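First the proteins, then the strands, lettered A, B, ... as listed; each starts at 1. If you're wondering where the values come from, they're calculated on a predicted model, not measured in any experiment. Note: hydrogens, waters and symmetry copies are ignored here, and every other heavy atom, side chains too, is used.
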There are 2 protein chains.
Amino acid sequence: MKIGLRHIRYFLVLAEDLNFRRASEHLHISQPALTRTIQHLEAELHVTLFDRSQNFVRLTDAGRAFREGGQRVLNGVEATIDLTRRVSIGEAGALRVGYTDFAIADALPELLKQFHQRHPGITVRPHHGVTTAQLQQLRDDKLDIGFVTGPVRQPGFRSRVVQTDRPICIVPEGHRLASRSSVELAELADEDFVHGPTEAWAHFYDYLFPHCRKAGFQPRIVQEAFNSVGILGLVSCGMGITILTESIYDFATGGLVPLPISDIDDVMVTEAVWASENLRLPTQHFVDFLEQSDNH
Amino acid sequence: MKIGLRHIRYFLVLAEDLNFRRASEHLHISQPALTRTIQHLEAELHVTLFDRSQNFVRLTDAGRAFREGGQRVLNGVEATIDLTRRVSIGEAGALRVGYTDFAIADALPELLKQFHQRHPGITVRPHHGVTTAQLQQLRDDKLDIGFVTGPVRQPGFRSRVVQTDRPICIVPEGHRLASRSSVELAELADEDFVHGPTEAWAHFYDYLFPHCRKAGFQPRIVQEAFNSVGILGLVSCGMGITILTESIYDFATGGLVPLPISDIDDVMVTEAVWASENLRLPTQHFVDFLEQSDNH
DNA sequence: TTTTCATGATACCTTTTATGCATCAGAAAC
DNA sequence: GTTTCTGATGCATAAAAGGTATCATGAAAA
């Protein structure tokens, strides 16, 4: 016969009462049932847990050790059951959130903070990644929500704009354009550009390159960095200029000059994306939260 | 019906295999028995733990939460059973050790270190206390072993000498005796003394006062401190002189002068004391350890 | 398509385990 | 003494767990 939670429950009550009859009453069972359960427990452990006589019952040292461990076990069971129930109704759980440099620099922190206030039991697990990587992770069910550079128009996904950015040109101090208050795209045609890897940053280029094309040039990318911090670093080293967003520029450490681009009218959007069906409960809560956020 | 460890064990195996038939084989039970156990578990929790179809079985989010908690619970049960067994054979446990200032200043640290090497599963819980307090705690079963100022000749206790100290006189720098290389007791007759409270330090006075009486005086105690550090502090402040042991003097911070007392021949003993019967296993191990330490 | 195969669920019966009742034996209180 | 506690034991019953046979369903094979 194996030890079960029943043995531990009975044992703990007896260890509290130190009296078989009273303990059996607290347990709503007969005294012989309790006696035998404790006997079985001791036989299974090969350990005497109680010193008993007709006058008194008291714990042995081993009994005290078992009481501590047994109490922890029962607490663990209760906590596990409670957590499981909470997860099943979406009150607890984990939400895997992807984000780009653009998202984390502006809308995301406040959004996650508000979501946590509304659903404190749901743990947000942030995963940094470029748009293309996030979309793939969403397809592979590695991510619940992505914050990506939009617009996303893929079958099987829904999305919602959470942030818009005006692109700005960023040049190092001392650059020939550094003293200007704004620039036109065409003026950048002969500049060296620092940007991210072509495939990874595809969605950003989808937004930027058409504007350049209209202005009559294709940006000459001379250096690639793996994220926006790296890009700004290379720009401040004088390796070239770049076009990013204002919120990204706010993270720069110095040595850089931001220039509005006068002839770009539209904005770059950052969207929350999620699968259109079979949503996990935390994901559903986040989607609901996003839609409520919009409506006021 | 209540959730038991059986439900958790079966659940964990199924969560691993994700196949009722294979899991039932691993558990050495029939497939219907497993199916029903999982059904009962889910009914008791009011939670669906597995998404099942004829093609596949997979965990729900709640199932994943239950798996983590359930694994922890089983590990806890196993650890508790193991610890309980180890305590029952004396391989693990706690030993409550009392000690005086004299004991901790000399023999005790090395003794406890060696004991820990021999019985790494036994946790030593040190309790500082004067001899009288320790003897009372031993009687009240609040302590397993006392390290006290001897000799102890009380019924119901056994003891063993672990340390001997020559008393020395300690005077502040600049004292009229500070430049001497040794003193005789009688020379201290008119000095002010700093010592511990009379009742608490009874055992120490039992050793010291007869010597003074033989030298023809009763020490005039003008200041009482609660421990030897306090005594040395008051001495270095010039409140008086004291008589303690060399090992205690080693802890002094400065401003003090030690003087051998030429006409005290016998030593002050520190003994380990323990009850003579009904020893807990860790206590028995410590006693055995002490006797082995003596024999080589 | 039909057939075959593997899956999990159900029905029915057996075995095992847990429980209750009645009672015993020993120590303490009266 | 007698009574009154204590925990332990024997026996019968109830509840839980398990096994065998079988079903329904969907995927893969023929």
Side-chain angles (χ1 to χ4, degrees), chain A residues 1-60 62-64 66-67 70 74 77 81 278, chain B residues 1-60 62-63 66-67 70 73-74 77 81 278:
Chain A
M1 191 198 20
K2 288 210 115 184
I3 293 174
L5 292 183
R6 192 180 57 91
H7 297 90
I8 299 177
R9 288 196 195 96
Y10 289 10
F11 166 87
L12 286 177
V13 173
L14 179 58
E16 189 71 19
D17 287 343
L18 294 177
N19 177 305
F20 279 76
R21 194 168 308 276
R22 272 199 297 280
S24 71
E25 285 165 8
H26 288 155
L27 287 164
H28 308 294
I29 60 171
S30 67
Q31 171 262 316
L34 177 58
T35 290
R36 262 183 306 237
T37 299
I38 299 299
Q39 285 173 337
H40 290 161
L41 177 58
E42 291 181 321
E44 186 67 27
L45 289 169
H46 305 294
V47 170
T48 302
L49 298 172
F50 293 98
D51 283 329
R52 344 196 200 332
S53 81
Q54 278 82 355
N55 309 321
F56 55 81
V57 174
R58 63 181 175 210
L59 282 167
T60 61
R64 266 183 283 276
F66 192 75
R67 178 177 55 177
L74 285 203
V77 169
I81 291 175
N278 292 327
Chain B
M1 191 197 21
K2 288 209 116 184
I3 293 174
L5 293 183
R6 193 180 57 91
H7 296 91
I8 300 178
R9 288 197 194 95
Y10 288 10
F11 166 86
L12 287 177
V13 173
L14 178 57
E16 188 72 19
D17 288 343
L18 294 177
N19 178 306
F20 279 75
R21 193 168 308 277
R22 272 199 296 281
S24 71
E25 284 164 9
H26 288 154
L27 288 164
H28 308 295
I29 59 171
S30 68
Q31 171 262 315
L34 177 59
T35 290
R36 265 182 316 230
T37 300
I38 299 298
Q39 285 173 338
H40 289 160
L41 178 58
E42 290 180 323
E44 186 67 27
L45 290 169
H46 305 293
V47 169
T48 301
L49 298 172
F50 292 99
D51 283 330
R52 335 185 191 359
S53 84
Q54 278 83 352
N55 307 323
F56 54 81
V57 174
R58 65 182 174 209
L59 282 167
T60 61
F66 192 75
R67 178 177 56 177
V73 165
L74 285 203
V77 169
I81 291 174
N278 292 327

With no hydrogens and no angle check, just 3.5 Å: does a side-chain donor-acceptor pair link B/Thr35 and B/Gln31? yes
Heavy-atom closest pair (B/His26 atom, B/Val13 atom, distance to 0.1 Å) is CB-CG1, 4.1 Å
Say you draw a straight line from CD of B/Glu25 to CZ of B/Phe20; how long is it, rounded to the nearest 0.5 Å? 14.0 Å
Can you check the B/Asp51 CG to C/dA9 C1' distance for me, whole Å? 16 Å
Under 4.0 Å between a side-chain N or O of B/Asn19 and OP1 or OP2 of C/dG8? yes
For the helix from C/dT1-D/dA30 to C/dC30-D/dG1, measure the angle between the helix axis at one end and the axis at the other, each built from five pairs, rounding to 10°. 10°
What nucleotide among C/dA9, C/dT7, D/dG7 has an atom nearest to a side-chain atom of A/Phe20? D/dG7
Distance check needed: D/dG7 C1' versus A/Glu42 CD, whole Å only. 12 Å
Between the protein and nucleotides 28-30 of chain C, list every N/O to N/O distance that falls short of 3.5 Å.
{"from": "C/dA28", "atom 1": "OP1", "to": "A/Asn55", "atom 2": "ND2", "distance (Å)": "3.2"}

Shortest non-hydrogen separation from B/Arg52 to B/Ile38 and the atoms involved: NH2-CG2, 3.7 Å
Minimal heavy-atom distance between B/Leu59 and B/Leu18, with the atoms involved, is N-CD2, 4.2 Å
Send over the distance from A/Arg52 CZ to C/dG26 P, rounded to a whole Å. 17 Å
Protein heavy-atom contacts under 4.0 Å, written 5' to 3' over nucleotides 18-24 of chain C as B (base), S (sugar-phosphate only) or - (none), form the string SBBBB--
Determine the minimum heavy-atom distance between A/His7 and A/His40, stating which atoms define it. NE2-CB, 4.2 Å
Quick one: A/Arg22 CZ to D/dT6 P, roughly how many Å, whole number? 7 Å
Considering all heavy atoms of both residues, which atom of A/Asp51 and which atom of A/Thr60 are nearest to each other, and what is their separation? OD1-CG2, 3.7 Å
Take the protein atom CG of B/Leu18 and the nucleotide atom P of C/dT7, then report the distance between them rounded to whole Å. 13 Å
If you measure from CZ on A/Phe11 to CD1 on A/Ile3, what distance do you get to the nearest 0.5 Å? 10.5 Å
Could you pull out the closest heavy-atom pair between B/Ala62 and B/Val47, with the gap in Å? CB-CG1, 3.5 Å
Using atom CD of B/Glu44 as one end and atom C1' of D/dA16 as the other, report the distance to the nearest whole Å. 13 Å
CG on A/Leu34 to CZ on A/Arg22, rounded to 0.5 Å: 12.5 Å
Whole angstroms only, please: what is the CD1-P distance between A/Ile38 and D/dT6? 17 Å
Nearest-0.5 Å distance that lies between atom CG in B/Leu45 and atom CD1 in A/Ile81: 6.0 Å
Measure from CG on B/Asp17 to P on C/dG8 and round the result to the nearest Å. 10 Å
Between A/Gln39 and D/dG7, is there a side-chain N or O to OP1/OP2 distance below 4.0 Å? no
